[in-house]
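Worksheet: the structure to be examined is printed underneath.
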Amino acid sequence: MKQKNFILSLMSIGLSIYSFAQTARVQIIHNSADLSAETVDVYLDNTRLIDNFEFRTATAFQDVTADTPINIRIAPSNSATRDDFFYELETTLNADETYILVANGIRSTSGYVVNDNFTINVFNMAREASNVSGNTDILVHHGSIDAESIDVNLEGSNTPLVNNLAYSEFSNGYISLFSNTYAFNLTADSDGNLIAEYTVPFFPTYNNEAITLVASGFRDPSANSNGEPFGLWLATADGGPLTELEPSTLNVDNVDAIEADIFPNPVTDYLNINLAGNTKTELTLYDIQGRQVLSQDLDLENEIFLGDLSNGIYVMNLSNEFGNKTMKIRVK
């Protein structure tokens, strides 16, 4: 009988330890463009979790107690205790799940044309790395409070990567792309007007990573206390300051490192590339999925046959000792 009681006691202790050890993985991204919330303190239950958490900054993923209610409070950066909070979230996280929490919205009662209250938006299927080796997994979050719903379009594709994404929403899961250079744009969902165009080299920096692209800031800063302007910012699983993606319209004139005469564009069969010098230059061509479809060394005058490629947009890169020249080539 004593032995049985002893075994039951051990089992009880073991279950208690197991229950206590239940955790979820959480990353927090500060994306509230309200100047009064530019820097905040974050409390988890009775602990100051983050001190002086800055706008457009992300934490690394970390373990947080799961399967039991938790309390998250956001307070000004000069807070003395958790009782100084201006926003509170009470939630229960599921054990062994991974979350991204994005702080959005406006704390101020005036100075902003859209007074959507400060809040935390939660995504509960987050990743800390790509599910496929050699890929970059991309989650998109719309956090620009005065911007209408957006589409994210891969150049040359007739189907948006993300369609009709409204403020505060996340894309429907991750988009997994082979890690390479991509040309894509943001358009207003209502009329298709271009908001911004980007060219992003996911390789090698974000190879095998899961990242979050956050639409951030104001489309009209002048109507919103001259706050930070609209942009697309990138958060990694390691956290730290978000990286701004530079808008770019790729064309023949956008880079002067290599002098070349390139025609015609669009091209049906042959693309002509005439170089200004005899420095060894390499051509590399990628499709819209980032896959290399052509690579060759160039002479002074070149006639490149592209007639066997599918119609669409391709990204061409010329490289030599003086630098790089990148442009879009349309095959039709």
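From a predicted model like this one, the values you see are computed outputs, not experimental measurements.
Taken to the nearest 0.5 Å, the CD atom of Glu209 stands 6.5 Å off from the CG atom of Asp238. Atom OG of Ser216 and atom CD of Glu228 lie 8.0 Å apart (nearest 0.5 Å).
Under the 3.5 Å distance criterion, the side-chain polar atoms of Thr236 are left unmatched by any main-chain donor or acceptor of Ile211. Without hydrogens or angle criteria, Asn302 side chain to Leu298 main chain gives no donor-acceptor distance under 3.5 Å. With hydrogens and angles ignored, the 3.5 Å screen pairs a side-chain donor or acceptor of Asn208 with a backbone N or O of Gly134. The backbone N or O of Thr23 lies less than 3.5 Å from no partner atom in the side chain of Thr65, so there is not a single donor-acceptor pair. In this structure, the side chain of Thr281 engages the main chain of Thr279 through a donor-acceptor pair within 3.5 Å. Under the 3.5 Å distance criterion, the side-chain polar atoms of Asn71 are left unmatched by any main-chain donor or acceptor of Asp45. In this structure a side-chain-to-backbone donor-acceptor pair under 3.5 Å is present from Asn265 to Arg330. Remark: the backbone N or O of Ser168 is not paired with any side-chain donor or acceptor of Asn104 at under 3.5 angstrom. Between the side chain of His30 and the backbone N or O of Val40, no donor-acceptor pair lies under 3.5 Å. Without hydrogens or angle criteria, His142 side chain to Val214 main chain gives no donor-acceptor distance under 3.5 Å.
Two rings, from Phe202 and Phe178, have their centers 6.0 Å or more apart. The ring of Phe85 has its center no closer than 6.0 angstrom to the ring center of Tyr43.
Contact check for Val114 versus Ile106: no side-chain heavy atoms found under the 4.5 Å cut-off. By the 4.5 Å heavy-atom criterion applied to side chains, Ser32 and Ile145 are not counted as neighbours. Proximity of Asn153 to Asn185: side-chain heavy atoms (C-beta onward) are separated by under 4.5 Å at one or more points. For the pair Leu232 and Leu186, the minimum side-chain heavy-atom distance is below 4.5 Å.
Using a cutoff of 4.0 Å between basic side-chain nitrogens and carboxylate oxygens, Asp83 and Arg73 are scored as salt-bridged. Here Glu244 does not pair with Arg56 in a salt bridge; the nearest charged N to carboxylate O distance is not below 4.0 Å.
Gly227 and Pro221 make their closest contact through O-CB, 3.3 Å (heavy atoms, listed as atom of the first residue, atom of the second, distance). In plain terms, the two heavy atoms of Leu300 and Gly277 that are nearest each other are CD2-O, 2.9 Å. The two residues Asn207 and Ser179 have their closest heavy-atom pair at OD1-OG, 3.0 Å. Nearest heavy atom pair, residue Phe230 against residue Ser144, reads CD1-OG, 3.3 Å. Counting all heavy atoms, side chain and backbone alike, Leu35 lies closest to Ser225 at CD1-O, 3.6 Å.
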side-chain hydrogen bond (donor to acceptor under 3.5 Å, both in side chains) assessment of Ser79 paired with Asp84: CA-CA 6 Å; Ser79 65; Asp84 295 330; 4.9 Å; no
Does Asp34 form a salt bridge (Lys or Arg N to Asp or Glu O under 4.0 Å) with Arg107? I'd like the steps, not just the answer. CA-CA 7 Å; Asp34 186 340; Arg107 175 194 175 199; over 6 Å; no
Using the side chain to side chain contact (heavy atoms under 4.5 Å, CB included) rule, take Tyr182 and Thr199 through it: C-alpha gap first, then chi angles, then the decisive distance, then the call. CA-CA 5 Å; Tyr182 290 90; Thr199 299; over 6 Å; no
Could you check Asn117 against Tyr87 for side chain to side chain contact (heavy atoms under 4.5 Å, CB included), going step by step and ending with a plain yes or no? CA-CA 9 Å; Asn117 290 338; Tyr87 173 80; over 6 Å; no
Intermediate values then yes/no, side chain to side chain contact (heavy atoms under 4.5 Å, CB included), Phe170 and Leu139: CA-CA 7 Å; Phe170 294 88; Leu139 180 70; 3.8 Å; yes
Check the pair Asn224 / Arg219 against side-chain hydrogen bond (donor to acceptor under 3.5 Å, both in side chains), numbers first and verdict last. CA-CA 9 Å; Asn224 291 281; Arg219 293 280 284 142; over 6 Å; no
Please evaluate residues Trp233 and Leu245 with respect to the criterion side chain to side chain contact (heavy atoms under 4.5 Å, CB included), reporting the C-alpha separation (whole Å), side-chain torsions for both, the decisive distance (0.1 Å), and the verdict. CA-CA 6 Å; Trp233 294 71; Leu245 301 187; over 6 Å; no
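A continuous path of hydrophobic side-chain contacts links Phe86 to Leu101 [ILVMFWY only; heavy atoms under 4.5 Å]. Ile150 is not connected to Phe218 by any chain of hydrophobic side-chain contacts under 4.5 Å among Ile, Leu, Val, Met, Phe, Trp and Tyr, and they are in different clusters. Residues Phe203 and Tyr206 fall into different hydrophobic clusters, defined by Ile, Leu, Val, Met, Phe, Trp and Tyr side chains chained together at heavy-atom separations under 4.5 Å. Phe55 and Val102 are assigned to two separate hydrophobic clusters, defined by single-linkage of ILVMFWY side chains at heavy-atom distances under 4.5 Å. Cluster annotation: Ile258 and Leu271 are assigned to the same hydrophobic cluster (Ile/Leu/Val/Met/Phe/Trp/Tyr, side-chain heavy-atom contacts under 4.5 Å, transitive).
Ring pair Phe305/Tyr270 is tilted by interplanar angle, where 30° to 60° counts as tilted.
Side chains of Ser176 and Asn131: a donor-acceptor N/O pair is absent below 3.5 angstrom, by distance only. No hydrogens or angles considered: a donor-acceptor pair under 3.5 Å links the side chains of Glu97 and Tyr99. The closest side-chain donor-acceptor pair between Thr284 and Gln292, if any, does not fall under 3.5 angstrom. Looking at Asn320 and Glu282, their side chains never bring a donor and an acceptor atom within 3.5 Å of each other. Checked by atom type, the side-chain pair Glu148/Ser190 shows a donor-acceptor distance below 3.5 Å.
Checking each of Thr39, Asp41, Thr59 against Phe53 for a side chain to side chain contact (heavy atoms under 4.5 Å, CB included) leaves exactly one that passes, namely Thr59. Ile72 pairs in a side chain to side chain contact (heavy atoms under 4.5 Å, CB included) with only one of the listed residues (Val26, Leu44, Ile28, Leu49), which is Leu44.
Atom CG of Asp261 has more than 12 heavy atoms from other residues, nucleotides or ligands within 6.0 Å.
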